[in-house]
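These notes concern the structure reproduced below.
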Amino acid sequence: MTSSQLTEIFVEAGTVVSVEVMYDRVTDRSRGFAFVTMGSVDDAKEAIRMFDGSQVGGRIVRVNFPEVPKGGERLVMGPKIRNNNRDFVDSSHKIYAGNLGWRVSSQDLKDVFAEQPGLVSAKVIYERDSGRSRGFGFVTFETAQDVEAALKTMNGVEVQGRELRLNLAAVKAPSSPSVTEENEGSSVDTSELVSSAST
DNA sequence: CTTGAGCGA
């Protein structure tokens, strides 16, 4: 898989600034992944939506925002994590939603319950360090009746190919006085993402 | 560590 081949593919998602296929220093063989810099964060997101999990050259490829080494340059990771619990309102009327696809975001989860009366907010739980989804989340409602109703009508509903496993969530007391850090403002106009393919 | 029951700083 050459960089020009990758470029041809990724332009479908938007502006491609650069493509760097990573090669082994000594063997000169492809390491099976590349860095694609898109013209905007939205283009990068679109590329991820379009190509992550898709077949490229007969192989399933992974496309995502790059894992950032130590503590530096984590601005490009912004869109991947965080901003999930930004508008999450906790409540004692909660549903535990399990069996979520790895790519289901908090927003996706919220969208699924959008038609349910009394919906407050939804939140997918992510690994603290890796930023990967843990495959479950919580959906809060205004009243216990809303919870019951949503649980009945939405349980087992397919979301991105997997059946929702709904349950009443364990009561996690709204202990933390709301001082959620506002770590926003990382405005980059270019965003990188990784593509794993093979030769 | 690319996974599949589970209950989140």
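Sequence lines set the chain letters: A, B, ... in the order given, protein chains first and strands last, and positions in each chain run from 1. The figures here come from the full heavy-atom set of this structure, side chains too, leaving out hydrogens, waters and symmetry mates. No experiment lies behind these values; they were computed from the predicted model shown.
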In this structure, how many angstroms lie between the [atom2] atom of [N] and the [atom1] atom of [X], rounded?
X        : N     : atom1 : atom2 : result
A/Asp129 : B/dG8 : CG    : C1'   : 14 Å
A/Ile48  : B/dT2 : CD1   : C1'   : 15 Å
A/Glu158 : B/dG4 : CD    : P     : 20 Å
A/Arg134 : B/dG8 : CZ    : P     : 6 Å
A/Phe88  : B/dG8 : CZ    : P     : 12 Å
A/Asn99  : B/dC7 : CG    : P     : 15 Å
A/Glu127 : B/dG4 : CD    : P     : 13 Å
A/Tyr126 : B/dG8 : OH    : C1'   : 13 Å

Quiz prompt | 5′-ward residue of the pair A/Leu168/A/Arg162 relative to DNA chain B | solution =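 The answer here is A/Arg162.
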
Exercise. Determine, answering yes or no, if A/Phe138 is stacked on B/dG8 under the 5.5 Å centre rule and the 30° plane rule.
Key: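 Yes, A/Phe138 stacks on the base of B/dG8, since the ring centres sit under 5.5 Å apart and the planes are within 30°.
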
Quiz item: Can you tell me how far the CZ atom of A/Arg29 sits from the CE atom of A/Met22, to the nearest 0.5 Å?
Solution: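 It is 16.0 Å, given to the nearest 0.5 Å.
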
Quiz item: What pairs with A/Glu8 under salt bridge (Lys or Arg N to Asp or Glu O under 4.0 Å), at least two apart in sequence or on another chain?
Solution: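 Result, salt bridge (Lys or Arg N to Asp or Glu O under 4.0 Å) vs A/Glu8: none returned.
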
Nearest to the side chain of [X], heavy atoms from C-beta on, is which of [options]?
X        : options             : answer
A/Tyr96  : B/dA5, B/dG6, B/dG8 : B/dG6
A/Ile125 : B/dG8, B/dA5, B/dT2 : B/dG8
A/Arg132 : B/dT3, B/dA5, B/dG8 : B/dT3
A/Trp102 : B/dG8, B/dG4, B/dA9 : B/dG4

Practice problem: Compute whether any side-chain donor of one residue and acceptor of the other, for A/Gln116 and A/Thr153, lie under 3.5 angstrom apart. | Solution: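 Per modelled atom types, A/Gln116 and A/Thr153 side chains form a pair under 3.5 Å.
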
Self-check item: A/Lys123 to A/Phe138 six-membered ring, cation-pi geometry met (6.0 Å, 45°)
Solution: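 No, cation not above the ring by the 6.0 Å, 45° rule.
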
Quiz item: What are the two closest heavy atoms between A/Thr140 and A/Lys94, and how far apart are they?
Solution: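 Looks like CG2-CG, 3.1 Å.
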
Quiz item: Looking across every strand, which nucleic acid part, if any, lies under 4.0 Å from A/Gly135 by heavy atom: base, sugar-phosphate, or nothing?
Solution: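 Base contact.
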
